[in-house]
Every structure is written in C-alpha cells, then in structure tokens.
Amino acid sequence: MTTTTDTHCPYCSLQCGMRLAAVDGARTLVVERPAFPVNQGALCGKGQSAAALLGPASRLSTPLVREHGELRAASWDEALDRAARGFAAIRAAHGADAVGVLGGGGLTNEKAYQLGKFARVALGTANIDYNGRFCMSSAAAANRLAFGLDRGLPFPLEDIPRTDCLILVGGNPAETMPPALRYFRELRENGGTLIVIDPRRTRTAEQADIHLQPLPGSDLALALGLLHLLIADGMVDTAFVEARTTGFGQARAAAMAHWPERVERITGVAAARLREVAHRFGRARTGMVLTGRGPEQQSKGTDTVGAWANLCLASGKAGRLYSGYGCLTGQGNGQGGREHGQKADQLPGYRSIEDPAARRHVAHVWGVDPDTLPRSGRSAYELLDSLGEPGPGGVRGLLLMGSNPVVSAPNAGHVTHRLRSLDLLVVSDLVLSETARLADVVLPSTQWAEETGTMTNLEGRVILRQRAVDAPEGVRGDLWLMRELAERLGVKRGFHDDPETVFEELRRASAGGQADYAGISYERIRAEDGVFWPCPADGHPGTPRLFLDAFATTDGRARFAPVTHRPAAEEPDDAYPLHLTTGRVLSQYQSGAQTRRVDALNSAAPGPFVELHPMLARRLGVAEGELLAVTSRRGRAVAPARITEAIRPDTVFMPFHWPGPGRANTLTNPALDPTSKMPEFKICAVRVEAVRTLSGAVEAGQGDPYEGP
Ligand code: SF4
C-alpha cells in the first residue's frame, strides 16, 4: 500500500513543495507536487534525493555520552541527566551566562521559538544565537535600517518575471536553488533585463544579459558608482524621493565622490559597463535588486546592502508593484529562525529584547516576570570565540542544536579548538556531525519528514512540513528534549512536545510584533499553500507585498543609508597576494552534514576543490586536478585545482561543504560587520602553492584532523 503526504524539502529557503510516498511502510520516495506555487513540482537533485536521508545508514539512533575520552551509547535518561546536571553545575559556579545556546536556520519555527524560550527561561542565559547569523544578518540589518522591517523578499517570487530590470548581486540560484531560475528566465522571456554581478562567471551569470565581474569586496563601491550615474545623468525619481524617503542628501554626497573612473579603479569594472548598467536600471519603469551572500558576508555587509537599497530608492524602485530590494535567504528557515527568539537580541515576533514593552508582552505569554528575562547576548561568532574562556564572561557549557560549526564557522580551526575547551558540549543532531563528535553528550533528534512544523521561506510565506514517516527507534524530537531538559532544570511547566501547541503559543507571542503570525494556523496553511506574514488576525489575508502604501519606519518613509566605500578587512599583500572567496555547489548543502551522506549527491560533488584562472594556474605550474595548498593568516587548506576562465585571475574560489584538509573555513576571516556581526566569509587574502602530496601539505600547516564520511 502507498500512502502520500504533502510536505516540503529539508534544505534551502525556497522550501519547495514535495510529496512523499511511503510504499508498504518500508520505502519512501519523493514525488512531484505540481500544485505548490513556489516550485510547481520542480525539485533540484538535493530535493529529489532527500528520501535517502531517512535511511538508517548514517543516522544516530541512540544517545551518546563521553566516558574515558570516548563516546558510548547511553539511555535517554542518562544522557539528559548528565546534560542537565552539567548545565546546572556551570550555572551555579559561573553564572547563567556561562551556559550558551547555538541554534540553527534549519530548525522549524516551533523549535526556534521554544529554543529561545528555553535559553531565557530554563537556562536564564543571555547567550543564545544561531548560525543564521552567518547567513543573511547583514541584509536583515540593512532592511531594518532602510525600510523598518526585515523580510527576505518584500514580494512573492511570482513578481520577478513582471519587473523590467533585475540586478542580482552575489547570488547564484542556478546552483543554490535551481527551481527558482525559472522566474529569472521568464523575466527575460517577457523582455526584461537580467544583470548579474559576481566575481565568478557562474551558471546564473551565464544566463544574464549583462554580467559584471568585480573584485571581491568591491560591490559597495560599485553600487555607489551606479548611484553616482543615476544622479549625474538625471535618472533620480525626485518625486518619489521627496514623498517617500529621507536622508537622500548624505547618500548623494557619498555617491558623488564615486565617479565612474574611480569606481573602475576600485572594482575592475570598466566605466562604460557601469554606465550601461546604470542606464538600463535607471531608465526601466520597474526594477528589483536582489542580493545573495556575496555582498552580505562582508565586514561591511550592512553598508553594502544599504548601498544597493539606496539605488532602488533613488530610482523610485521600492514600495511599488514589481519593484524593490530583496535578499535571497539561504537556509531552509533562515527567515523564520530569526523572527521568533533564537537571535541574541530578539524576542518572538521580531521584537527587541531591550524594548520594555516587548519584554512585558513576551514575559506575560511565558508566565514569567519581565525582569527575569536576560538582555542581549553575544552574536554567533562572538559566542563561539568565547567558549572555554576562563574567568568572568567565558562560556563553559554549550547546547548546540541543528548546527555544525566545525565545518561552517569562519576561522574553523580556532572554533574547533574553542569547542574542545568547553566543560560541557551537548549536541542535538540527526547524524554524528563533525561537531557532534566533539560533544560530551549527543542527543539523536528527529528530522524533516519525521516531524511536523512550520518554516518561513524566503518570500515570508509560512509553510507546513508534515510528518510523513516514523522516526527510527530511539530517536526523539527537539521539542521533547527541550521539555525534558527544562524539567530537569526545575522548570516543570511551559515547554511542550506537540508542535501545534507550540505554534499556538508562538502566535500569541508574536501578536502585535513586526513578524506577526497571530492569524496563521496549521489549518490555514494547509488550505492556502502557505500564508505570508504579517498576518495579525484570523480573517486577515496575509501580506505577500510589503511597503506599497508606506514603509515600516515610524514616519512611513524609507531611509537612505549614509554609506561610503571601505576596503575589506584583509586585502592582498606580498605575503598573501590573492583573494579567496567561498560559496556553494549544486549538489551539496551548507556544512554537508546531510548531503555528504547521500550517494547520488556525493557522486556529483565528491570533494573540495580550488577554482582558479588558467593564467594563475600557469604561473603556479599546476595542472587540472593537481593539489594546491591555500594558506591564509588562519591556516591552510589543500584541495585539487579546477582550472576555469570563469574566475578572475586575481581570485580563487573554494566551496565550503567539507571538513578535513580541504575545509575552506580553515581559511576564512572572522572579522565582523559592526552592525550585523556577520563574519567576512566572502573575502580574505591567501597564498596558493602547488604541492605534491596531501600528507606533506597537511603536515606543513593543516590543523584539524576530522574527516567527513
Ligand atoms: Fe530543496 Fe532548495 Fe532544491 Fe528546492 S531548490 S529542492 S528547497 S534544495
């Protein structure tokens, strides 16, 4: 007998609709679900092969505890007791903030919400953040500064083909979310212009009308140069600027200092090409700018995104139908994950944890005294960097849920060292990830098709993943384990293991906040293929398009960002003469903890590589497939050369999905954006050398011994 369940993909922020077919309760298949509007049945290879994650082969099926240096199987009671006792002891000895929590952008809204509550109420710590900080926090910060509200896209994807000109900056949906590419194709079929800005000629860039290939880290100057041309060539929509914005004067002054020839020197993009783009965008009736991680994962990411938002505002391409600035979110619940309380400075509903009214509202829903709620804690990298620090302020115990920082954090060798220095590391995961291998307690959790919960996709559409199969024996849900840990920490009420009960509480906690889910229910999501927030009441239709009447600032006007260009935190020099930039490939996902366990994906993308231009390869004397050692001030990574004219000769690229010698994040720079606290994943200075053997190269400089599966 075959039973089918409508659900969504376990991976990226597109959250493609899929149907799972369970055949005789033994085999699960992914089949098409054409009626879901976002992807209309299309799935990339990751989604198509997702059922392989449900097999028992690489799953954790029992809790583990560390004894005499080794992990061994344990009962749930033993593992939970040890975790709770350890956290309580650290709290008693060093204070509540000595226990930290790191969540993930892949957790459901219910888990993210309850994890935020668990940190503040059961542990009493300020130190909770999540790996989504590494994903789109710069866009979130810039969105709030410019428009008063942060939602990845202020319009549904279906609006993209209807705009006249779209600039995509530092995003590669052809590899990260292929089903979304049809929106860009339709845009061109409708006569619109697609402009892609990326230091690499990616599969997405190949489909563009215009591709600009600037130096990594120079996009802020590029945006300022385009604004300069809009002003100089009379393409500013002055009526819009006067009626709906503030702060144009300062933005104008900064842009005027970035004339095309100066920008050409900074970016490497010819002034004539810059003019062509400015005129195409400036003269279009409607237009959009979308950013990916390229401009965002920089130590000036907030300013860079602000500069692109300025371009939309100056040309009147925001707050209007088929126009606006948007961000292509990365992780499956990168959006919802930061709305409901697992971010260091936020409470549910996108409320500030420092706002007295917000504290009162959420404390009332939680049944606690507002004065007991902690204040803002440390951002993700600051938290990881403080692990194991002796003395006041150091974090000695960590609960980690849905994250694998040994592979995904910047300066990953240092972060691994910090994780090892903890008094207690508790990891909840579905597999024995590289980070789980370092833990004192490992809690095996349910995943995706084994549990029900909501996710919020890049459009702000709240969707429902429905349970389709039973979890393996011995595995428990994260909601359940939070409740069990809370009970052991003395908090007997307020934590639930039923996702719909948690969602009902989330609705009340978010009510009146910016990300207002009060009118969204499981029933409505099932009936309507998702509901867009804000949706403040039961009969409210939801809000697919934001800002059409007013922006979400106190005066309803958008704010120009007063930004000017500055270099990356680390520019090439004699010792490290090249730029390194990092990113994803089609068949792997984030730290690879899931996708590296799927045979079909591993065959397509078996390991790391260093992409470099033929001119650079000749200079280094390296041929395709030969080993290269890439060294930064933080460490060394070794991987085979992949030679292509698609990349600038002064830049090398590495994907970041793998641990071990080819781990790209051994090299990356943790310099933080001062506003968003985003690390500078996208740019650092490196030296590249041909090496004969992996072992020789590793001995010469590679730190972390953990190999992937
Ligand atoms: Fe899954 Fe994203 Fe691929 Fe869609 S595009 S199938 S959500 S990984």
Side-chain angles (χ1 to χ4, degrees), residues 5-21 28-54 104-109 132 135-136 152-153 156-158 160 168 171-186 202-204 207 290 292-293 327-337 402 408 447-449 453-466 468 529-530 583-598 600-602 604-605 655-657:
T5 309
D6 284 351
T7 189
H8 295 266
C9 176
Y11 299 113
C12 85
S13 66
L14 205 55
Q15 282 301 289
C16 292
M18 58 170 57
R19 184 162 292 162
L20 281 183
T28 310
L29 303 169
V30 171
V31 291
E32 274 198 15
R33 182 182 160 193
F36 187 68
V38 171
N39 60 312
Q40 297 179 4
L43 296 167
C44 76
K46 295 186 285 281
Q48 285 163 2
S49 62
L53 296 171
L54 301 168
L107 301 180
T108 61
N109 288 320
C135 185
M136 53 172 292
L153 297 180
L157 284 161
E158 68 185 50
I160 287 178
L168 174 60
N172 183 14
E175 300 216 44
T176 56
M177 48 178 70
L181 216 57
R182 82 176 163 89
Y183 296 104
F184 299 94
R185 268 199 299 270
E186 283 171 23
T202 60
R203 292 184 201 194
T204 309
Q207 307 206 14
L290 301 182
R293 300 299 80 74
C327 155
L328 296 175
T329 324
Q331 294 192 78
N333 201 25
Q335 181 68 48
S408 62
Q447 58 165 326
W448 161 61
T454 60
M455 307 281 282
T456 305
N457 85 344
L458 76 169
E459 306 167 286
R461 184 195 301 258
V462 185
I463 54 99
L464 184 64
R465 281 187 186 166
Q466 307 201 88
D529 277 333
R584 286 164 52 185
V585 298
L586 177 63
S587 295
Q588 296 286 352
Y589 180 70
Q590 307 295 47
S591 81
Q594 295 148 291
T595 48
R596 283 186 277 115
R597 289 170 166 84
V598 177
L601 300 177
N602 268 337
F656 61 80
H657 309 290

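Quick caveat: nothing in here was measured; it's all calculated off a predicted structure. Counting convention: from 1, in listed order, for ligands and their atoms alike.
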For [atom], what's the nearest protein heavy-atom neighbour? Residue, atom name and distance, please.
atom	result
atom 3 (Fe) of ligand 1	C44 SG, 2.3 Å
atom 7 (S) of ligand 1	C16 N, 3.4 Å
atom 2 (Fe) of ligand 1	C12 SG, 2.3 Å

Check: Are the side chain of T595 and the backbone N or O of Y589 linked by a donor-acceptor pair below 3.5 Å?
Finding: yes
Check: Between the side chain of R584 and the main-chain N/O of N172, is any donor-acceptor distance below 3.5 Å?
Finding: no
Next item on the list: Of all the heavy-atom pairs spanning V30 and G47, show the shortest one and how long it is.
Entry: CG2-O, 3.7 Å
Check: Which pair of heavy atoms, one from R461 and one from D529, lies closest together, and at what distance?
Finding: NH1-O, 3.3 Å
Notebook entry, point to check: Going from CD on Q40 to CD on E158, what distance comes out if it is rounded to the nearest 0.5 angstrom?
Noted result: 9.5 Å
Would you mind running through ligand 1 and noting each atom that sits below 4.0 Å from a heavy atom of [X]?
X	value
M177	5 (S)
K46	8 (S)
G47	6 (S)
Y11	8 (S)

Check: Hey, are the side chains of L458 and L157 touching, using non-hydrogen atoms and a 4.5 Å cut-off?
Finding: yes
Item checked: Beyond-backbone contact of P178 with L586, side-chain heavy atoms, under 4.5 angstrom -> yes
Check: Any chance the side chains of N602 and Q588 put a donor and an acceptor closer than 3.5 Å?
Finding: yes
Note to self: In this structure, does ligand 1 have an atom that sits under 4.0 Å from one of the heavy atoms of N39?
What the structure shows: no
Please classify the [X] to ligand 1 contact at 4.0 Å (heavy-atom distances, strictly less than): side chain, backbone, both or neither.
X	answer
C9	side chain
P179	side chain
H8	neither

